[in-house]
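In what follows, every chain begins at residue 1, and chains take the letters A, B, ... in the order their sequences are listed. Please read all numbers here as calculations on a predicted model, not as lab measurements.
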Amino acid sequence: MTDTQLPDTLREIKDEFLALEVRERLQLLLEFSNELPELPERYRDHPDLLERVEECQSPVYIFVEVDDHNIVHLFATAPRESPTTRGFASIVSQGLAGLTVEQVLAVPDTYPQQLGLAEAVSPLRMRGMTALLGRTKQQLLRKAAA
Amino acid sequence: MAVSVDTDDKFAEYAHPERLVSTQWLQDHRDEPGLVVVESDEDVLLYETGHIPGAVKIDWHLDLNDHVERDYVDGERFAALLGSKGIARDTTVVIYGDKNNWWAAYALWVFTLFGHEDVRLLDGGRDKWIAEGRELTTDAPTSTPVEYPVIERNDSEIRAFKEDVLAHFGNPLIDVRSAEEYSGERTEIPGYPTEGSLRAGHIPSAASVPWARAAAPDATFKSREELEAIYKGEAGLADGDDVIAYCRIGERSSHTWFVLTHLLGFEKVRNYDGSWTEWGSAVRVPIVTGSEKGEVPAKR
């Protein structure tokens with residue numbers, strides 16, 4: 001998939017990061033982190049419904065829904081003390097907002113590596129975001145198969 | 001030492017009380033010349049959400065590890081890093097961090113590889129400072145760069161390599177990972193080979209003492225008596241022992257290294273930073289599974 005084929009929001013997020021100096025990218029990640037919305041009520045009391053993303057160093061839980069219009073909704077929660085993980089979850093959740101199942105499945109697995117964040121947070125930590133995207137797709141595939 | 005030591009009664013019990021400072025001591029001394037406070041966390045962004053006023057940030061991935069080879073930075077890069085943070089060779093450095101000072105202890109261990117003399121931990125770390133309602137700021141500190149000499153790392157005293165472990169059998173080893181990692185029950189999740197290794201279990205004859213057992217619920221270190229009961233009583237270490245500690249990548253075991261060296265006074269403790277990610281993927285090294293220590297292998 002070439003750049004022009006990335007869904008709009010994902011492309012905008014990417015452009016936003018790449019336009020910044022490495023140090024400022026960390027600040028932008030912090031802004032994303034602060035924007036991660038609270039879980040909807042129906043999940044707040046049911047942590048058992050959420051899937052833990054084990055690959056992240058800090059506990060992060062995600063839940064993927066598909067509505068009647070085939071649009072994907074990703075909900076995620078991670079502790080305040082884990083701002084990097086929250087930032088990753090927020091980018092994935094904002095970036096995928098409004099996309100269809102097919103569009104999400106077509107997002108390149110390498111998208112996290114395209115944000116220019118590896119230098120700012122280290123390649124090892126970037127695996128956390130790659131795993132978030134991978135787990136989201138897996139949940140969609142499992143739903144489709146069910 | 002440039003800055004006075006904390007004479008807190010609790011620390012007096014430890015072998016090297018000068019290696020710890022309390023939150024109150026730091027509150028009282030943090031503006032003193034000759035002292036630099038360093039925050040070192042697992043999460044690379046945590047510092048940006050608020051840190052102790054004046055503290056600088058050192059990140060283990062970005063600042064202390066080489067980005068290509070699996071090793072630490074060399075003397076030149078360490079000198080550039082510390083100089084840029086306003087740390088001179090004779091500066092008193094107090095390091096604190098999240099999660100019971102896990103990464104702070106790791107940073108302290110790396111500082112020690114370079115022989116930085118006066119480096120201390122904030123007992124209780126970031127959590128205790130916050131729990132006590134002490135001041136945090138998001139203001140970036142204004143450190144004036146100073147000259148730090150280029151000192152090459154000394155890997156021979158406190159760092160062990162795989163070959164050192166093979167030659168160490170018959171002497172105590174401490175595995176500081178979780179019980180599940182020790183027994184080999186915890187395996188990788190299919191499709192996500194991340195920080196894993198090809199085999200699970202532990203190095204034969206290693207005693208299991210999960211690292212966080214050294215910490216009290218408020219993230220401070222347990223008392224000397226409690227620590228002795230764990231490491232000497234349960235794990236069977238005796239004064240004068242030559243000890244190697246390991247975990248998965250060497251971070252948790254630097255916390256144990258700190259406890260054994262500075263709090264209990266063991267003089268020959270090494271951290272095997274290759275740890276399970278190396279051992280569990282190495283060819284023809286002995287491994288046992290289950291909760292028993294296993295037989296002592298022959299030295300190689």
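The environment of B:Glu69 atom CD is sparse: at most 12 non-hydrogen atoms of other residues, nucleotides or ligands sit within 6.0 angstrom. B:Gln24 CD: more than 12 foreign heavy atoms inside a 6.0 Å radius. Within 6.0 Å of CZ on B:Arg153 lie more than 12 heavy atoms contributed by other residues, nucleotides or ligands.
Contacts between A:Glu119 and chain B at a heavy-atom distance below 4.5 Å involve the backbone alone (N, CA, C, O).
For the atom pair B:Ile249 CD1 and A:Leu124 CG, the distance stands at 6.5 Å (nearest 0.5 Å). In this structure, CG on A:Leu26 lies 4.5 Å from CG on B:Leu45, to the nearest 0.5 angstrom.
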Derivation of the side chain to side chain contact (heavy atoms under 4.5 Å, CB included) call for A:Arg125 and B:Asp59:
CA-CA 12 Å; A:Arg125 289 187 174 112; B:Asp59 181 68; 2.9 Å; yes
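Looking at B:Asp43 and A:Ser82, their side chains never bring a donor and an acceptor atom within 3.5 Å of each other.
Counting heavy atoms from C-beta outward, A:Glu81 and B:Asp98 have side chains that stay 4.5 Å or more apart.
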